[in-house]
There are 2 protein chains.
Amino acid sequence: MSKGTVGGGGTTMLRRINVAAVLDAVRRSAPAPLRVAELVERTGLARPTVAQAVDELLDAGWLQQHGPDSADRSLGRPAIRVSLRGRAAPVLGLDVGPHRVTVGVSDLAGRKLSLVRRSGPGWTAQQLLGVIGEVINEALAEAEVPAEDIAAVVAASPGIVDEHTGRVQLVPSVPGWSAIDLIKHVRGLLDCPVMLDNDANLAALAIAAARGGTGTLLAVQWGERLGAGIVIDGRLHRGTGAAGEIGFIATDTDDVINPEDSRGPLERAVGSEAIAALGRQAALDNPQSRLAELGGEQLDTADVFAAAAERDPVAQAVVQQVARTFARALAPSVLVLDPTAVVIGGGVARAGAVLLDAISDQLRLLTLNHPKLELSALAEDAVVTGAMRMALDEVWQRKLPTPAMTSTT
Amino acid sequence: MSKGTVGGGGTTMLRRINVAAVLDAVRRSAPAPLRVAELVERTGLARPTVAQAVDELLDAGWLQQHGPDSADRSLGRPAIRVSLRGRAAPVLGLDVGPHRVTVGVSDLAGRKLSLVRRSGPGWTAQQLLGVIGEVINEALAEAEVPAEDIAAVVAASPGIVDEHTGRVQLVPSVPGWSAIDLIKHVRGLLDCPVMLDNDANLAALAIAAARGGTGTLLAVQWGERLGAGIVIDGRLHRGTGAAGEIGFIATDTDDVINPEDSRGPLERAVGSEAIAALGRQAALDNPQSRLAELGGEQLDTADVFAAAAERDPVAQAVVQQVARTFARALAPSVLVLDPTAVVIGGGVARAGAVLLDAISDQLRLLTLNHPKLELSALAEDAVVTGAMRMALDEVWQRKLPTPAMTSTT
DNA sequence: GTATTTACGAACGCTCGCTATCTATACTGT
DNA sequence: ACAGTATAGATAGCGAGCGTTCGTAAATAC
């Protein structure tokens with residue numbers, strides 16, 4: 001009892017392993033309640049062992065007991081059933097942008113307990129911290145979760161995030177903004193681990209979780225800026241910290257990157273502003289087109305895709321060009337990563353099938369294995385959802401003691 | 001004892017875990033022998049537990065006992081020391097090409113026991129199988145390892161390999177060649193698991209192992225063909241099976257891939273044959289250049305780099321163009337993967353610093369985090385070494401029972 | 001030659017999980 | 001309505017493994 005070194009131990013560690021196995025089995029079948037007999041089958045443990053573990057977990061509050069299933073009209077004594085008690089360790093996800101703060105609270109099973117969003121016309125850094133505090137409290141109240149119960153927090157920040165220090169390079173457009181202050185501030189409000197990650201990464205995590213399990217996912221966030229997250233078999237790929245920065249891919253044979261610029265070549269070529277600009281130019285050149293009618297003076301990105309959907313050839317040409325540029329930029333990465341799927345999210349994703357089909361056609365010409373190309377179903381909630389997901393992973397990784405041996409050095 | 005389901009168990013599984021912990025500790029410190037006291041410290045287990053585990057491992061042949069260290073003149077009774085007995089489960093690596101067969105035998109600790117290479121001027125598929133058998137026997141004899149001791153075999157094949165079935169798409173240039181026959185043949189010779197993988201993947205694995213531990217590695221094999229392997233924290237990234245096919249990256253804005261072609265655009269642009277062709281053309285255009293002198297009629301890839309190293313401007317221009325094309329093709333993947341290092345191997349890697357510096361300069365213009373750019377130190381042995389490495393990983397993964405819970409679904 | 005230091009070896013007690021048995025509960029059939 | 005049966009939960013005994021403690025062996029220092 002004195003040493004307590006991690007890695008190997010006596011019988012008490014055995015017990016921990018078995019309790020964890022039981023808890024894991026329950027988690028996997030969530031939210032469906034499980035009978036003890038099923039747990040015995042799934043864990044391969046003996047019944048008394050499982051029973052003891054269940055008792056322990058009930059006492060600790062990780063499981064909750066259900067009455068017998070009234071729908072189950074089988075023979076014999078009705079079994080008591082247990083399921084995850086989500087409130088045992090709820091987590092909080094945070095998505096902070098210059099004009100919008102979103103906070104979500106999720107229970108252990110991944111059920112969303114509350115989601116609060118507040119928009120405002122550009123806060124200062126100081127105001128933003130205040131707003132964040134308010135929105136967190138609102139979300140906690142709505143979820144009926146006391147602040148001290150929160151087991152982990154993950155915050156999303158644009159820019160490149162250093163995974164451990166939480167320092168941010170390429171700070172976004174809030175003057176005086178510092179992610180370190182954010183972490184400190186949140187840690188002051190909630191006494192639990194607080195982590196920070198790139199928003200594109202978190203969105204990718206959410207999408208990967210929604211698609212389920214294994215495989216390689218390349219999740220593109222396409223708005224004014226362009227970023228991507230890579231999820232391989234459920235784990236985020238970070239590289240040295242700046243993985244997925246597709247916005248900086250060169251599009252022209254003479255392009256050169258300037259790290260000081262806040263935007264990269266691909267963003268300047270096919271970011272939402274660039275698409276709108278291309279549309280405006282095309283409308284000017286073709287005043288009689290449907291595109292010009294639709295958009296008028298204040299022609300928007302959405303107008304371009306709307307006109308293209310109505311088969312306006314002028315708009316279609318713009319979409320074609322955008323799709324071509326995007327596909328040519330992404331194709332090398334698709335060849336190298338060979339992902340199971342490429343999912344597009346963010347504002348531009350609202351374009352729908354018009355854009356997706358055009359990209360798909362182009363990508364088919366440039367790759368060997370053609371990954372599934374999809375639109376993100378999560379829309380604007382992707383980032384918060386991913387933040388909650390990562391917080392959940394953190395909690396589970398701490399609670400389920402992965403016994404020893406990890407690296408394959 | 002009847003169930004035997006994986007995942008959780010009683011005290012016998014505890015023993016297995018602890019024995020594995022001890023074995024793992026010994027492995028990590030290989031080839032240095034360890035005293036029992038050190039094992040106690042490293043595993044956190046009690047001395048009797050460790051002693052028992054060591055006895056068991058000695059009996060099973062996984063460890064060998066050393067006499068007391070004669071150099072160690074410390075007080076007290078001299079400690080018994082144990083180390084990995086590599087011959088307990090030697091593995092075999094196989095690199096099969098149309099003109100060359102290489103076989104390596106390695107012991108458990110990763111020590112190379114033998115390496116036999118045989119070249120020939122194009123065998124038929126049938127002859128090749130015979131040659132493989134001979135070379136395997138030679139390598140086994142040289143390593144003094146009986147065939148039945150081999151615990152795992154990994155074979156390298158060019159082309160895209162389906163990880164599980166062992167079927168190969170994009171078969172290389174041996175008529176009638178089938179990797180399935182190869183597997184069957186080897187399984188007939190050696191009664192153990194036989195696996196197959198892409199040669200670029202295996203080379204990447206070897207290079208990653210040589211560089212040590214964690215991080216993301218992009219290992220390019222650059223010869224007549226171009227391929228790459230990706231290793232993330234010691235594990236190979238395969239995607240859906242065709243990851244790393246950089247040879248098919250488009251170089252021209254109008255390039256289109258034809259999956260039927262055996263070569264992709266980048267290979268046609270900067271493969272070793274293409275480099276030689278560029279050199280010949282440049283020599284024709286500049287008959288007085290050093291390049292033309294060096295190469296003559298049969299100008300070779302090596303001549304181009306040699307002339308460039310001697311600062312011949314004509315050759316330097318060719319190298320510059322090659323480097324530029326390569327860097328532009330690779331830059332998007334570097335941005336997306338953000339690897340710790342990019343290592344170049346294969347025939348073209350012999351070009352040395354001339355090419356490396358040119359690529360480095362170009363890549364610096366096109367990426368945010370600039371990964372280390374290096375030449376592979378393993379030269380032609382990379383693929384066999386990687387094959388042995390993978391076989392070793394297989395053996396260890398089977399022997400060290402990773403207790404339960406894996407996926408983070 | 002004795003004291004000291006270090007390591008090996010054996011006996012005891014504790015915890016834990018597995019097998020086997022017994023009790024509890026609800027549905028079914030006569 | 002009552003016995004039978006099938007399923008689930010609770011309890012006791014057994015075996016295995018680990019950790020602690022003590023005794024013993026082998027080398028060096030004085």
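We name chains A, B, ... by the order of the sequence lines, and we start the count at 1 in each one.
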How long is the line joining [atom1] of [X] and [atom2] of [N], in whole Å?
X     : N      : atom1 : atom2 : result
B:M13 : D:dC18 : CE    : P     : 13 Å
A:I17 : D:dG17 : CD1   : C1'   : 13 Å
A:E56 : C:dG17 : CD    : C1'   : 13 Å
B:L75 : D:dA27 : CG    : P     : 13 Å
B:L39 : C:dA7  : CG    : C1'   : 14 Å
B:R16 : D:dA16 : CZ    : P     : 16 Å
A:L34 : D:dA8  : CG    : P     : 12 Å
B:L14 : D:dG15 : CG    : C1'   : 14 Å

Contact under 4.0 Å: [X] side-chain N or O vs [N] OP1/OP2:
X     : N      : result
B:R47 : C:dC8  : yes
B:T49 : D:dG19 : yes
B:R35 : C:dA7  : yes
A:T12 : C:dT15 : no
B:N18 : D:dC18 : yes

Item to check | Over 12 non-hydrogen atoms of neighbours within 6.0 angstrom of CD in A:E394 | outcome: yes
Between [options], which one does the side chain of [X] approach most closely?
X     : options               : value
A:I80 : C:dT6, C:dA20, D:dG9  : D:dG9
A:P48 : D:dA27, D:dT11, D:dG9 : D:dT11
A:Q52 : D:dG17, C:dG17, D:dA8 : C:dG17

Next on the checklist: Quick check against the 3.5 Å criterion: does B:R27 have a side-chain atom that pairs as donor or acceptor with the backbone of B:L108?
Outcome noted: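 Checking the backbone N and O of B:L108 against the side chain of B:R27, no donor-acceptor pair under 3.5 Å is found.
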Item to check | Basic-acidic side-chain contact under 4.0 Å: A:D197, A:R238 | outcome: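 Yes, this pair counts.
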Next on the checklist: Quick check: do B:T49 and B:V40 have side-chain heavy atoms less than 4.5 Å from each other?
Outcome noted: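 No, every pair of side-chain atoms sits at 4.5 Å or beyond.
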Item to check | Any A:R87 side-chain heavy atom under 4.5 Å of A:L113 side chain | outcome: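 They are in side-chain contact.
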